[in-house]
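Below: the structure, in structure tokens.
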Protein chains: 2
Amino acid sequence: MKTASLKIGQLAKATGVSNETIRFYESKGLLTASERSSNGYRHYGSDALQRLRFILRAKRVGFSLDEIAELLALRTHADAHTCEEVKHYTQNKMQQIDSKIAELQAIRQSLATLHQACCGGSESAEHCSILNALDDPNHE
Amino acid sequence: MKTASLKIGQLAKATGVSNETIRFYESKGLLTASERSSNGYRHYGSDALQRLRFILRAKRVGFSLDEIAELLALRTHADAHTCEEVKHYTQNKMQQIDSKIAELQAIRQSLATLHQACCGGSESAEHCSILNALDDPNHE
DNA sequence: ATAAACCTTGTAGTCGACTATAGAGTCAAG
DNA sequence: CTTGACTCTATAGTCGACTACAAGGTTTAT
């Protein structure tokens, strides 16, 4: 017995994307069906589910499909690269992620200031105008 | 005396984007020149510098120009909305940012595992193949 | 056994975010 | 006073990431 094989539509439904998007990702080399049945239908295992979720997660935080392909290549055939390369690449990518987190935190801070400055009542928000002085002026 | 007025090219250089991009952002209502000199040239104050940096920061973490416009609208004429609205909007946006941070941390974790699994030597990385078992299997 | 609901490939169209080009005016240096 | 580096507007082209057909084959439900 094998763990739940999914057809394209089921995979699509499970992840909230369209069938076309999945085929598009396949054409870009991001996600291949583990096998095709005799009628040509694509069949996916739960690894594909994980992989696709990884893709979507990475997309939401601003990685391009090309960058995501790189990340995935690293995961799936790390044997094509030396350990040294993998070490360097992951190191770099982690730093990149740390900057993204820092940038998100900066934006979050602006919003938090705005949020706190705001009385929350139903009057116009013009009273809460500490506003413009936001955005860290001392960065990069 | 006023604080450093910048022409478009200087603003572009300072932020690493092209003049065209700045004009494009203006056409989208993201960034307007504080004034035009008699010859029609755009002139920007340091607020524009901050504003543009905010735009780029938000872009890097996956916000669309439309979303960024919304964020900026909030900052600049909060008087157009009630406090209540602002409170709700910022609350929502902060949650969205928190998910993005969580997603980044998940990706970072995958990379960290990969990084640690890897010996770092110059041999092929096929030894470091704890690889595929990455990606949290238990998260939406 | 026929219709509805799937799947296939292939090609074309869309949308967001630029990017480049044309044709013009302005300004600072030699 | 002209050459080179800037600026302007306006329009067209590009690129990434889909999205929507078209034209067909398959499977399932009645």
Side-chain angles (χ1 to χ4, degrees), chain A residues 4-45 48-49 51-73 96 100 103, chain B residues 4-45 48-49 51-73 96 100 103:
Chain A
S5 162
L6 298 169
K7 276 188 290 180
I8 196 168
Q10 301 173 301
L11 180 60
K13 202 163 233 173
T15 53
V17 303
S18 73
N19 297 18
E20 290 74 25
T21 300
I22 293 175
R23 290 193 203 102
F24 174 72
Y25 286 169
E26 178 173 314
S27 80
K28 295 273 145 177
L30 292 175
L31 185 68
T32 24
S34 40
E35 60 172 324
R36 296 289 190 115
S37 48
S38 52
N39 54 25
Y41 285 19
R42 291 168 178 81
H43 288 273
Y44 301 91
L49 198 57
R51 198 177 166 93
L52 184 45
R53 280 182 180 145
F54 180 88
I55 294 170
L56 298 175
R57 207 181 298 145
K59 243 180 59 64
R60 282 191 293 266
V61 293
F63 287 105
S64 71
L65 295 191
D66 281 0
E67 287 175 298
I68 297 171
E70 253 181 39
L71 287 167
L72 288 169
Q96 205 175 309
K100 274 180 192 280
E103 304 197 291
Chain B
S5 162
L6 298 170
K7 276 188 289 179
I8 195 168
Q10 302 172 301
L11 180 60
K13 202 163 233 173
T15 52
V17 303
S18 73
N19 297 19
E20 289 74 25
T21 301
I22 294 175
R23 289 193 205 103
F24 174 71
Y25 286 168
E26 179 173 313
S27 80
K28 295 273 146 177
L30 292 175
L31 184 69
T32 24
S34 41
E35 59 172 323
R36 298 287 190 116
S37 47
S38 53
N39 53 25
Y41 285 19
R42 289 167 179 82
H43 288 273
Y44 300 91
L49 198 58
R51 199 177 166 94
L52 184 45
R53 279 183 181 143
F54 180 88
I55 294 169
L56 298 175
R57 206 182 298 146
K59 243 180 60 65
R60 282 192 292 266
V61 294
F63 287 105
S64 71
L65 297 190
D66 280 0
E67 287 175 297
I68 297 172
E70 254 182 39
L71 287 167
L72 288 169
Q96 206 175 308
K100 274 180 193 278
E103 304 197 292

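What you are looking at is a predicted structure, and each value in this text was computed from that prediction instead of being measured. Chain letters run A, B, ... following the sequence lines, proteins first, then strands; residues in each count from 1.
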(request) Taking the side chain as every heavy atom from C-beta outward, state whether His43(B) and Arg36(B) have any atom pair closer than 4.5 Å. (result) no

Does the pair Gln96(B) and Phe63(B) meet the rule for a side chain to side chain contact (heavy atoms under 4.5 Å, CB included), with working shown? CA-CA 11 Å; Gln96(B) 206 175 308; Phe63(B) 287 105; 3.6 Å; yes

Would you call Glu67(B)-Lys100(B) a salt bridge at under 4.0 Å N-O? no

Scan Ser18(B) against the nucleic acid and name what it touches under 4.0 Å (heavy atoms): base, sugar-phosphate only, or nothing. nothing

- Message: Is there a side-chain hydrogen bond (donor to acceptor under 3.5 Å, both in side chains) between Asp66(A) and Ser64(A)? Walk through the geometry before answering.
- Response: CA-CA 5 Å; Asp66(A) 281 0; Ser64(A) 71; 5.4 Å; no

Apply side chain to side chain contact (heavy atoms under 4.5 Å, CB included) to Arg57(B) and Phe54(B), showing your working. CA-CA 5 Å; Arg57(B) 206 182 298 146; Phe54(B) 180 88; 4.2 Å; yes

Do Leu65(B) and Phe24(B) pass the side chain to side chain contact (heavy atoms under 4.5 Å, CB included) test, and can you show the C-alpha distance, the side-chain angles, and the key distance before you say yes or no? CA-CA 11 Å; Leu65(B) 297 190; Phe24(B) 174 71; 3.7 Å; yes

Closest to the 5' end of DNA chain C, once Ser64(B) and Tyr41(B) are matched to their nearest nucleotides, is Ser64(B)

Judged by nearest nucleotide, the residue sitting upstream toward the 5' end of DNA chain C, Ser37(B) or Ile8(A), is Ile8(A)

Residues of residues 20-28 of chain A with a heavy atom under 4.0 Å from any atom of DNA chain D, listed by number, are Thr21(A), Phe24(A), Tyr25(A)

Worksheet entry | side chain to side chain contact (heavy atoms under 4.5 Å, CB included) evaluation trace for Leu52(A) with Tyr44(A) | CA-CA 11 Å; Leu52(A) 184 45; Tyr44(A) 301 91; over 6 Å; no

Quick one: is Arg42(A) getting a side-chain N or O under 4.0 Å of the dT8(C) phosphate, OP1 or OP2? yes

The nucleotide from dC7(C), dT9(C), dC27(C) with an atom nearest the side chain of Asn39(B) is dC27(C)

So the contacted stretch of DNA chain D, first to last nucleotide with an atom under 4.0 Å from a non-hydrogen atom of chain A, runs from dA17(D) to dT27(D)

